[in-house]
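For reference, the structure discussed in these notes is given below.
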Amino acid sequence: MINHWLMKSEPTEFSIHDLAQRPGQREPWDGVRNYQARNMLRDQMRQGDLAFFYHSNCAEPGIVGIMRIVQEGYLDPTAFDPENTHFDPKSHPGNPRWYQVDVELVRIFPYILPLRELKKHPELANMPLVQRGNRLSIMPVSEEEWKFILRFLHEAQKSNRGGA
DNA sequence: GCCAACGTTGGC
DNA sequence: GCCAACGTTGGC
C-alpha cells in the first residue's frame, strides 16, 4: 500500500512546468527547512508514493498535478552550500539537518484545482492545507481525501467537456 | 524553561 | 503590499 502526500512549491521558484522540463521529468525536492516536513521526507516517504504538486504563494494557489516519489530521503546538499539560498550553516555533513527526496512527474492537471475550491468540501476539512494559518509545506493526504480529490477532478472534467 | 522578538509563510 | 499565524532564536 502506498501513501499519499501534498507538497508545496512557489511556482516562481519551482513550478510543475519546470518539473516537466527536467531530464526524465525528475528533480530533487530540496530546500525544505521545517522539522515536521523534514521528518516526513526522511522517515516516511517511500519509493512509489504519490504526491499532489501544490502551487503556493501565487495568484491562484492550488493543486496542479501529481508526482511520484522515486528516491527516498537523503541528504539535502543545498544546506551545505554557502552560495545556495537554502544554505544552513548549522547543518553539517557529519550531523546533517535537512533531507530531500527525488520526485518524478506523473501528470499535470488540465487546470488548477484551486484552494478556494478545496475549502468548499467538508470531505477535505481535515486537511492541514485548508486549516487557518497552516504553513506545513509537506503533508500527508489520507486515502479518502486523495480519492475524493481525484473523483472531483474527474467529474469537473466531464461536465466541462459536456458544457463546452 | 519561559517568553518576547524576530523572520517566514502564504492567503488575500 | 498587508498582515495573521506560526516557528525559531536567544536572553534571562
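None of these values were measured; they are calculated from a predicted model. Each chain gets a letter, A, B and so on, in the order the sequences are listed, and its residues count up from 1.
- The other members of the hydrophobic cluster of A:Trp98, by chain and number, are A:Tyr35 (side-chain heavy atoms under 4.5 Å, ILVMFWY only).
- Judged as a side chain to side chain donor-acceptor pair (under 3.5 Å), and not counting sequence neighbours, A:Asn3 has no contacts.
- For A:Phe80, the ring-ring contact (aromatic ring centres under 6.0 Å, His included) criterion is met by no residue, not counting sequence neighbours.
- With sequence neighbours excluded, the residues forming a side chain to side chain contact (heavy atoms under 4.5 Å, CB included) with A:Ser15 are A:Pro11, A:His17, A:Asp18, A:His55, listed by chain and number.
- For A:Phe87, the ring-ring contact (aromatic ring centres under 6.0 Å, His included) criterion is met by no residue, not counting sequence neighbours.
- Chain A approaches DNA chain C over the interval C:dA5 to C:dT9, counting the first and last nucleotide 5' to 3' with an atom under 4.0 Å from its heavy atoms.
- Between A:Arg33 and A:Asp76, at least one side-chain nitrogen of the basic residue sits less than 4.0 Å from a carboxylate oxygen of the acidic one, meeting the salt-bridge criterion.
- In this structure A:Lys120 satisfies the salt bridge (Lys or Arg N to Asp or Glu O under 4.0 Å) test together with A:Glu117, sequence neighbours excluded.
- In this view, A:Glu72 and A:Arg46 satisfy the salt bridge (Lys or Arg N to Asp or Glu O under 4.0 Å) rule, not counting sequence neighbours.
- The stretch residues 115-130 of chain A touches DNA chain B through A:Leu115, A:Lys119, each having a heavy atom within less than 4.0 Å of the strand.
- Residues passing the salt bridge (Lys or Arg N to Asp or Glu O under 4.0 Å) test with A:Arg26 are A:Glu104, sequence neighbours excluded.
- For DNA chain C, the residues of residues 131-141 of chain A within the heavy-atom distance limit of 4.0 Å (strictly under) are A:Arg132, A:Gly133, A:Arg135, sorted by number.
- For A:Glu13, there are no salt bridge (Lys or Arg N to Asp or Glu O under 4.0 Å) partners, not counting sequence neighbours.
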